[in-house]
Amino acid sequence: MYVYGMHEVNVKNVCVWYAQDDCLSPGAGSPPEHGEWLAKMFQNKQEEADGSSGAGESQKVRLSIRAENVGRGHMTYAPSKGAAYTVVEETIPQTLLQMVKQTKEK
């Protein structure tokens, strides 16, 4: 089995969406602090790629971070259940597809 650290993840398009009021995830091992940590880690990767001299478009990181606190907890982004996930344009798959399209247009 291959084991790696999260800092080794190298991707161009990233969505980190988490509910700040998620009280179900701690039992599953992923409290909101994990989302905060992932968001910060990918923000740092984005800043490194943007700031490095000679960084081409292929090294850029497109990032979508959402941290909602709408009183829906674990269900915040669930279709038809969460207030923050109500239209197709605001889904993780649609957001990632838009990022890929932007990458290809460059």
Side-chain angles (χ1 to χ4, degrees):
M1 181 164 94
Y2 179 69
V3 179
Y4 58 91
M6 287 303 296
H7 293 287
E8 296 177 48
V9 173
N10 187 18
V11 294
K12 294 179 189 176
N13 303 302
V14 180
C15 288
V16 179
W17 291 12
Y18 62 96
Q20 294 173 346
D21 59 346
D22 189 343
C23 61
L24 291 179
S25 287
S30 48
E33 293 80 15
H34 289 188
E36 292 170 11
W37 181 85
L38 278 171
K40 187 63 177 166
M41 184 195 72
F42 282 111
Q43 283 175 324
N44 289 340
K45 281 183 172 272
Q46 184 182 46
E47 290 169 8
E48 289 170 12
D50 288 348
S52 71
S53 60
E57 191 62 34
S58 65
Q59 295 172 321
K60 300 286 183 181
V61 177
R62 295 191 194 295
L63 186 57
S64 171
I65 297 173
R66 292 185 68 185
E68 306 290 342
N69 188 352
V70 294
R72 299 276 184 170
H74 196 70
M75 301 306 287
T76 295
Y77 300 105
S80 77
K81 295 194 183 212
Y85 192 12
T86 56
V87 295
V88 127
E89 293 81 20
E90 293 179 343
T91 64
I92 291 174
Q94 186 63 33
T95 299
L96 286 169
L97 286 170
Q98 289 171 349
M99 290 175 163
V100 169
K101 183 179 176 185
Q102 290 173 350
T103 301
K104 289 182 178 183
E105 290 174 353
K106 296 284 178 176

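Just the heavy atoms: all of them, side chains too, but no hydrogens, waters or symmetry mates, feed the values below. Computed from a predicted model, the values in this text were never measured in an experiment.
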Chemist: Not counting sequence neighbours, which residues clear side-chain contact (heavy atoms from CB on, under 4.5 Å) with L63? List them please.
Modeler: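 Result, side-chain contact (heavy atoms from CB on, under 4.5 Å) vs L63: V14, F42, Q43, Q46, I65.
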Chemist: At what distance, to the nearest 0.5 angstrom, does CG of D22 lie from CD of E68?
Modeler: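 Interatomic distance, D22 CG to E68 CD, rounded to 0.5 Å: 13.0 Å.
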Chemist: Look at the side chain of D21 and the backbone N and O of G71, then say whether any donor-acceptor pair between them is shorter than 3.5 Å.
Modeler: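 A pair under 3.5 Å: yes.
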Chemist: Can you tell me how far the CD1 atom of I92 sits from the CG atom of L97, to the nearest 0.5 Å?
Modeler: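 Interatomic distance, I92 CD1 to L97 CG, rounded to 0.5 Å: 12.0 Å.
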Chemist: Closest approach of G73 and A19, non-hydrogen atoms and distance?
Modeler: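 Residues G73 and A19, closest heavy atoms: O-CB, 3.2 Å.
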Chemist: If I take atom SG from residue C15 and atom CD from residue Q98, how far apart are they, to the nearest 0.5 angstrom?
Modeler: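 That separation rounds to 9.5 Å.
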Chemist: Taking C-beta and beyond as the side chain, do Y18 and L38 meet within less than 4.5 Å on heavy atoms?
Modeler: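 Not touching, per the 4.5 Å side-chain cut-off.
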Chemist: Please find the pair of heavy atoms, one from V16 and one from G35, that lie closest to each other, and give the distance.
Modeler: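 V16 and G35 have their closest heavy atoms at CG1-O, 3.6 Å.
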Chemist: Is the shortest side-chain heavy-atom distance between T95 and M99 below 4.5 Å?
Modeler: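 When only atoms from C-beta onward are counted, M99 and T95 do touch, with a gap below 4.5 Å.
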